[in-house]
Amino acid sequence: MAAVACIRRQEESLNPLTADLEIVVALGELFNLDLFERGYYALHVCTKLSTGTHVHIEPLNESNTHIEDQTIITDPVEVRFRRDLFKLGEGIVYKCTVNLDPHSSIETCLRSVTGVIVCQLWFHASSSNNLKKVDSQALTLAGVACPGVHHAGPVQFDFFHSALLTLSVSSCLVGFHINGSLSAYLTPPRESRMTWIPRNWWSQSSQIYQVSEEVSENESLKRLLDELKRALMASVLSLEEIITFTKLNNDKELTKKIANTKAFLPVSSEPESYDKTVVDMSSLVKGLWDSFTQLQNYDVSYSNLAHRSYLASRARHQMGYLFRKSPRDQLMSTAESRFDMLDLLIKSVQSCRSLSISDTKVSFVDNEDSLSKWKDLPLVFEECFTNDASNVTFDTQHQEEDTRELLDSIKETKYIPLEQTLGPSNHSPYHEHIRHGTVPLAPSDGSPTPEYLSLASLEKFGKGHLVVCVHGMDGNQYDLRSLKLKLLESLPLLEFFLPASLEGITHESLEHITDTFVAEFQSFLDAKSKGNSEQEGVTPFKRISFVGHSLGTIIIRSALERPEIKRMFEGLSNANTEPATKSNGTMSLHCFLSLCGPHLGSVYLNKLIGTGMWWLSRWKHSKSLKQLSLADSEEGFENSYLYKLSKSPALEQFKKVVFVASPQDKYVSISSALVQSCSEAQADLDIGPVYQKMAQNIISPLVKNESVSVHRTYLYVPPARRKGVNGLIGRSGHIAVLEDDLAVRMLVMGISRFFH
């Protein structure tokens with residue numbers, strides 16, 4: 001009796017006209033991206049919709065999904081190794097009834113339906129019965145009812161439990177339900193007995209579809225019916241697009257249903273049959289949706305949808321990553337030669353107040369949901385130094401008017417969106433999933449159909465590629481973990497080494513820090529060689545890249561001069577030569593990525609920061625800070641550690657060299673981070689000549705060796721993203737590459753291609 005009373009109360013609370021909406025949420029696989037802690041893991045996934053929506057739930061395709069309180073709860077799985085993969089194959093169907101408010105148009109009512117998918121990761125180290133929530137990620141859904149959402153992609157959990165859940169969501173407006181007659185929607189109903197509904201909520205004076213002396217009932221009903229048709233047609237067209245995208249249009253029966261539905265919706269009818277027309281339209285759309293969900297293989301369609309969703313996400317940010325080609329000899333230019341250009345770029349982008357960042361129907365709450373204007377978006381300006389810089393072109397044909405104005409305003413800087421230069425096919429989509437030794441790849445022509453290659457041939461996805469990440473002063477091995485995880489999303493087979501032994505010793509001498517790093521690095525390689533299942537005693541890595549932040553960039557360059565490290569790369573005469581003794585485990589140097597590195601020392605800083613550095617050096621008796629300030633030798637600056645290091649060849653052995661700096665970084669100057677002379681050095685007769693000579697020593701070999709791809713990248717951090725004490729003292733720009741999730745994602749969007 002209680003259940004009957006509940007249903008009766010629900011029916012009484014429904015308006016004369018409601019919309020029927022169905023949402024399918026499917027869980028594909030749980031992939032352990034980077035093992036941090038072994039143990040038992042489970043997922044709790046639920047979808048919460050906006051108020052005014054009644055929901056009934058069912059398992060997807062009669063699966064054995066455990067559903068509790070409208071939440072999918074997966075069985076616990078034991079994660080033991082990195083890249084462990086677990087097939088889930090669970091899903092849930094939300095059948096929703098949406099009250100339509102006559103105060104608003106049908107379209108407005110439908111577009112106001114929003115939702116949130118909450119994905120929780122539960123964990124326990126030793127028991128599958130005592131799991132506790134360790135992380136939660138939320139995805140917002142917009143356009144759920146009109147025109148519908150069709151999305152797939154990875155949900156990545158937190159810093160310490162970096163698992164990926166492959167998830168897909170599809171929604172469709174399947175029809176409208178008339179509670180009585182359609183004409184009841186035009187007149188106030190009897191007063192509801194629901195005490196929480198405000199009195200006069202149905203006040204006819206504010207109704208959209210009201211009858212008046214000027215508008216007859218038939219005219220109002222026709223207007224209402226036309227809106228219902230438009231809403232259903234939008235839903236059908238969205239469904240048709242996704243059916244074509246997922247190759248389900250090869251099914252003749254489904255194709256026929258699409259054609260029949262599209263042909264029926266525009267047909268006119270007489271007023272007395274309007275109610276029946278609504279029922280018939282709804283029946284056709286519901287039948288089409290049911291056929292779609294029954295035919296859809298969520299495993300097969302996931303990669304197609306994921307590629308589509310990835311491109312939509314890229315489009316949201318691509319205008320914030322600008323690219324420019326410059327003649328190679330401009331590597332020797334001063335830092336100031338780009339300042340005016342950077343100011344123009346930043347002002348041009350931020351002045352487009354009418355240009356909102358393109359919306360995505362599915363976005364993560366924490367990093368994208370509040371992002372609506374260019375002024376809040378981190379901006380990346382990349383300059384590539386090449387011998388064919390004259391080939392820069394501008395393609396504005398497919399841009400919106402505001403975007404064309406933006407491009408026109410920055411044309412004189414010769415920067416263009418990175419996407420227009422490289423094209424979407426040059427960027428790997430997010431890691432989708434690894435199944436039975438295969439990884440889905442976006443084909444070279446950019447079409448959504450994936451091709452499957454064996455793991456053995458996936459070198460461009462990172463196989464056999466080691467990336468060494470070295471943190472900066474007062475840092476630890478987890479500083480570069482955010483960058484690491486975002487690289488793994490694109491290149492899941494990369495191997496990483498993040499040294500732990502440098503924590504707590506970064507104020508020792510650079511020589512001592514280097515000794516410690518080299519010893520741990522050698523131990524790591526020895527362990528990997530002994531555990532090499534293909535050839536014991538031989539390193540499993542064919543190429544190696546180095547990523548350093550701040551002081552870590554100096555430690556990398558210093559380590560590359562050690563004989564024991566040099567021997568690993570013997571046989572390399574230039575960056576494009578493969579190791580002569582690869583069979584003996586020799587590796588090739590691939591990419592050197594420098595993030596805010598003080599290559600020319602910590603001089604020419606803001607006076608406040610410089611004073612702070614001096615006090616810190618005295619307080620901690622910091623030998624490394626003294627060396628970074630070029631004050632470590634009584635015999636002159638040319639005997640300092642950094643000057644001697646600048647004369648040692650190293651970077652020209654890499655295939656790709658990338659310097660990243662932030663104009664908002666007050667800890668490391670742009671000229672030092674990008675290895676350029678500056679006006680202060682040119683005017684300084686004391687340290688200036690040595691400063692300029694160091695820049696020349698490092699850059700000249702890169703200019704001469706045309707086989708090395710050299711890039712300078714500027715990361716602009718807007719004021720909204722550098723608040724508090726860190727923003728005040730200029731530290732935000734220095735650590736944005738570590739801690740600002742969106743800034744790191746923007747940066748990786750471009751630089752991930754350097755690790756292919």
Side-chain angles (χ1 to χ4, degrees), residues 24-47 59-68 71-92 117-137 139 151-169 296-306 309 429-441 450 452 454-455 458 461-463 484-485 488-495:
V24 173
V25 178
L27 310 185
E29 295 164 342
L30 179 66
F31 176 68
N32 180 29
L33 184 65
D34 183 50
L35 180 70
F36 189 85
E37 191 168 5
R38 288 185 172 91
Y40 293 89
Y41 290 82
L43 294 160
H44 292 207
V45 179
C46 69
T47 302
L60 176 63
N61 296 335
E62 300 181 355
S63 61
N64 296 320
T65 303
H66 177 201
I67 300 174
E68 187 176 310
T71 301
I72 303 173
I73 301 177
T74 66
D75 293 332
V77 294
E78 185 179 7
V79 174
R80 299 178 59 198
F81 303 105
R82 181 186 169 194
R83 301 197 190 104
D84 271 355
L85 179 71
F86 301 93
K87 178 75 175 176
L88 301 175
E90 300 186 34
I92 190 170
I117 299 178
V118 180
C119 306
Q120 297 177 348
L121 187 68
W122 290 58
F123 167 79
H124 195 278
S126 58
S127 172
S128 61
N129 298 318
N130 299 302
L131 305 184
K132 294 182 179 180
K133 185 178 72 173
V134 291
D135 189 37
S136 180
Q137 297 292 327
L139 291 86
H151 168 86
V155 177
Q156 182 174 317
F157 291 99
D158 75 359
F159 195 79
F160 297 109
H161 302 88
S162 51
L164 283 181
L165 164 66
T166 62
L167 175 147
S168 66
V169 55
Q296 172 122 328
N297 183 322
Y298 289 92
D299 289 337
V300 174
S301 65
Y302 174 84
S303 56
N304 290 330
L305 276 176
S309 301
Y430 285 143
H431 164 71
E432 293 168 357
H433 54 276
I434 298 180
R435 185 194 301 110
H436 306 308
T438 64
V439 173
L441 300 178
Y452 290 87
S454 65
L455 292 181
L458 288 178
F461 263 70
K463 185 173 175 62
K484 166 190 173 180
L485 294 178
L488 281 173
E489 287 182 18
S490 296
L491 301 163
L493 302 185
L494 286 177
E495 292 281 351

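Any value given below was found using the heavy atoms of this structure, including those in side chains, with hydrogens, waters and symmetry copies removed.
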Any heavy-atom pair between the side chains of Leu121 and Leu43 that's under 4.5 Å? yes
Shortest non-hydrogen contact from Val79 to Tyr41? CG2-CD1, 3.5 Å
Gap between atom CG of Leu27 and atom CD1 of Ile92 - 0.5 Å precision: 9.0 Å
When rounded to the nearest 0.5 Å, the distance separating CD1 of Ile67 from CD1 of Ile72 is 6.5 Å
Once rounded to the nearest 0.5 Å, what's the spacing between atom CD of Glu68 and atom SG of Cys46? 11.5 Å
Would the distance check show the side chain of Thr166 and the main-chain N or O of Glu29 forming a donor-acceptor pair, the cut-off being under 3.5 Å? yes
I need the minimum non-hydrogen distance between Glu90 and His66, along with the two atoms involved. OE1-N, 4.1 Å
On a heavy-atom basis, which atom in Leu167 and which in Cys119 lie closest, and how many Å separate them? CD1-SG, 3.8 Å
Spacing of CG belonging to Leu131 relative to CG belonging to Asn129, to within rounding of 0.5 Å: 7.5 Å
Between Leu88 and Leu165, does the side-chain contact (heavy atoms from CB on, under 4.5 Å) criterion hold? Intermediate values first, please. CA-CA 9 Å; Leu88 301 175; Leu165 164 66; 3.6 Å; yes
Compare all side-chain heavy atoms of Thr74 with those of Leu30 and state whether any distance is below 4.5 angstrom. no
Closest heavy-atom contact between Ser128 and Pro76? O-CG, 3.6 Å
Between Phe86 and Glu78, which heavy-atom pair has the shortest distance, and what is it? CZ-O, 3.2 Å
Report the distance from atom CZ of Phe123 to atom CZ of Arg38, rounding to the nearest 0.5 Å. 11.0 Å
For Tyr40, give me all partners under ring pair (Phe, Tyr, Trp, His ring centres under 6.0 Å), at least two apart in sequence or on another chain. none
